[in-house]
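Below: one structure, written as structure tokens.
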Amino acid sequence: MTDDIKQLTTEDVLGEETTAAAEKIYTASQTKLVLMRLFRHKLAVLGMVVLAFFYLCAIFAPFLSPNDPQAFFDAYTVSPPQSIYFWDGQVFSLHPYYYALDRQRDPDTLQMKYFINKDKRLYVVFFGKGFEYKLFGLIKSDVHLITGQEGNPLFIFGTDKLGRDLFSRNIHATRISLTVGLVGVAITFVLGCLLGGISGYYGGWIDMAIQRLIEFMMSIPMLPLWMALSAAIHRPWSQLQLYFAITVILAVAGWTGLARVVRGKLISLRNVDYVTAAVLSGVTDGKIILRHLLPGFTSYLIVSLTMSIPGMILGETALSFLGLGLQAPTISWGVLLSDAQNVKTIALYPWIMIPGIFVIIAVLAFNFLGDGLRDAADPYKED
């Protein structure tokens, strides 16, 4: 036979577009591969969107708050949430509005009751002026995204027993509740990597001492430990000092698990060839741990950090709810939930529990993101 045999190329079999996509994957870096897999994880993307929204709310909290979170509205104590309307059953309005609240004291229970006055329609004011604040601590302003009409404040989430706007307070609470997790995890990360790295790399009596310390810490029930450390806090401290004290308390209780994992990883990696080469080259122990050993399981460390933040948020919420953590006038979700300790209060004013919804959403978002990062960073997981 003299006919030439035509050889099929990859482009002939798969097509040019498929081949280009395959080459893009084959030539991508590890970081890019992780990001590509992460963005295909729908729940992780949802978690990122929710967390981005929460942190934007924290950054622009004063601008987004229609009322001063510390202001008392004596005429609207435990006022129910006010709905925003576009449709009254007959006419559609492009300008959102709400109705004024009339109040009357119940002659039997002596409790104040509120009624919607549909004869008094009030329009939401966009970019109206309200209380003064400093955006980013630098830009002085009194402009807010939405406000109520003058003399008729808008309470989207209602008010608490002192007449403070819960919508504004919940927005400001994101600043403390979400940053305490980041700061606490940062301290946990440093302690876990440092002590776990020293324990796994050196071994011997240093490893024995650190592991016994970890076992002692893990044997103590967390709630009594939190209570004991919180009782040791000097209450006349400023709110900033209390904030960092609570952060340290949460970090002290959370570094042990990461330290044990880091120790195990370093034990398995400390005798590999590139570490031996670094030792023979005269590289210091600190650089070997930081530059050669810890980067070997960076993906796990990132996932561990992400999954630890919800625990920090829940820890701060629990401490503040029990009255052992942050206290008023500091605003956090735990501080807001401390008003809901009474069952009777929850039954009469269920909107007091709204901060708990945000805690659940934030924790779920971090867990979704952590699951997505874990799946994306796992080299053995099939797509």
Side-chain angles (χ1 to χ4, degrees), residues 57 61-85 96-125 128-133 142 144-177 239 317 320-360:
C57 287
F63 171 70
L64 298 174
S65 302
N67 302 298
D68 187 344
Q70 302 290 7
F72 300 97
F73 296 89
D74 297 334
Y76 296 96
T77 56
V78 288
S79 170
Q82 292 177 276
S83 300
I84 296 178
Y85 300 91
Y97 59 91
Y98 62 104
Y99 293 110
L101 289 177
D102 292 337
R103 61 177 188 161
Q104 182 179 357
R105 190 172 296 279
D106 190 314
D108 297 326
T109 62
L110 299 179
Q111 293 179 350
M112 192 64 69
K113 289 189 176 182
Y114 293 88
F115 305 93
I116 297 176
N117 184 358
K118 291 194 174 182
D119 294 330
K120 189 175 182 181
R121 177 183 293 188
L122 305 167
Y123 288 93
V124 176
V125 179
K129 292 190 176 182
F131 68 95
E132 292 187 354
Y133 61 90
D142 60 356
H144 303 268
L145 179 62
I146 59 171
T147 60
Q149 286 191 8
E150 187 175 355
N152 295 275
L154 173 63
F155 304 119
I156 299 176
F157 289 167
T159 62
D160 60 11
K161 59 185 179 181
L162 297 177
R164 294 172 295 189
D165 179 25
L166 283 177
F167 181 76
S168 301
R169 290 176 67 78
N170 273 281
I171 292 178
H172 278 76
T174 57
R175 289 182 158 185
I176 297 295
S177 295
Q239 295 302 316
T317 302
S320 299
F321 175 78
L322 295 173
L324 301 172
L326 300 171
Q327 303 291 328
T330 304
I331 306 174
S332 73
W333 286 331
V335 172
L336 296 181
L337 284 173
S338 62
D339 293 335
Q341 293 182 357
N342 193 321
V343 177
K344 182 180 178 181
T345 301
I346 299 174
L348 293 175
Y349 319 117
W351 56 88
I352 300 294
M353 290 292 296
I354 289 177
I357 298 175
F358 292 112
V359 173
I360 294 172

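Along the sequence shown, residues are numbered consecutively beginning with 1.
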What closest approach, in Å, do [X] and [Y] show between heavy atoms, and which atom pair accounts for it?
X: Asp142; Y: Glu132; value: CB-CG, 4.0 Å
X: Ile176; Y: Ile331; value: CG1-O, 3.3 Å
X: Phe358; Y: Asn170; value: CD1-OD1, 3.6 Å
X: Thr147; Y: Lys129; value: CG2-O, 4.5 Å

Quick check against the 3.5 Å criterion: does [X] have a side-chain atom that pairs as donor or acceptor with the backbone of [Y]?
X: Trp351; Y: Thr159; value: yes
X: His144; Y: Phe131; value: yes
X: Ser168; Y: Asn67; value: yes

Show me the donor-acceptor pairs within less than 3.5 Å that the side chains of residues 74-85 make with the rest of the protein, sequence neighbours left out.
{"unit_1": "Gln82", "atom_1": "OE1", "unit_2": "Phe155", "atom_2": "N", "d": "2.9"}
{"unit_1": "Gln82", "atom_1": "NE2", "unit_2": "Tyr99", "atom_2": "O", "d": "3.2"}

[X] [atom1] to [Y] [atom2] distance, which is reported to the nearest 0.5 Å:
X: Asn152; Y: Asn117; atom1: CG; atom2: CG; answer: 10.0 Å
X: Arg175; Y: Thr330; atom1: CZ; atom2: OG1; answer: 13.0 Å
X: Phe72; Y: Asp160; atom1: CZ; atom2: CG; answer: 8.0 Å
X: Arg164; Y: Leu336; atom1: CZ; atom2: CG; answer: 8.0 Å

(request) Show the numbers, then the answer: is there a side chain to side chain contact (heavy atoms under 4.5 Å, CB included) between Cys57 and Leu64? (result) CA-CA 7 Å; Cys57 287; Leu64 298 174; 4.0 Å; yes
(request) Could you please spell out the steps behind the side chain to side chain contact (heavy atoms under 4.5 Å, CB included) verdict for Leu166 and Ile352? (result) CA-CA 8 Å; Leu166 283 177; Ile352 300 294; 4.0 Å; yes
(message) As a test of understanding, state which of Ser65, Pro69, Pro66 forms a side-chain contact (heavy atoms from CB on, under 4.5 Å) with Phe167.
(response)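 That would be Pro66.
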(request) Apply side chain to side chain contact (heavy atoms under 4.5 Å, CB included) to Arg103 and Phe115, showing your working. (result) CA-CA 6 Å; Arg103 61 177 188 161; Phe115 305 93; over 6 Å; no
(message) Tyr98 vs Gln149, test: side chain to side chain contact (heavy atoms under 4.5 Å, CB included). Steps then yes/no.
(response) CA-CA 10 Å; Tyr98 62 104; Gln149 286 191 8; 4.2 Å; yes
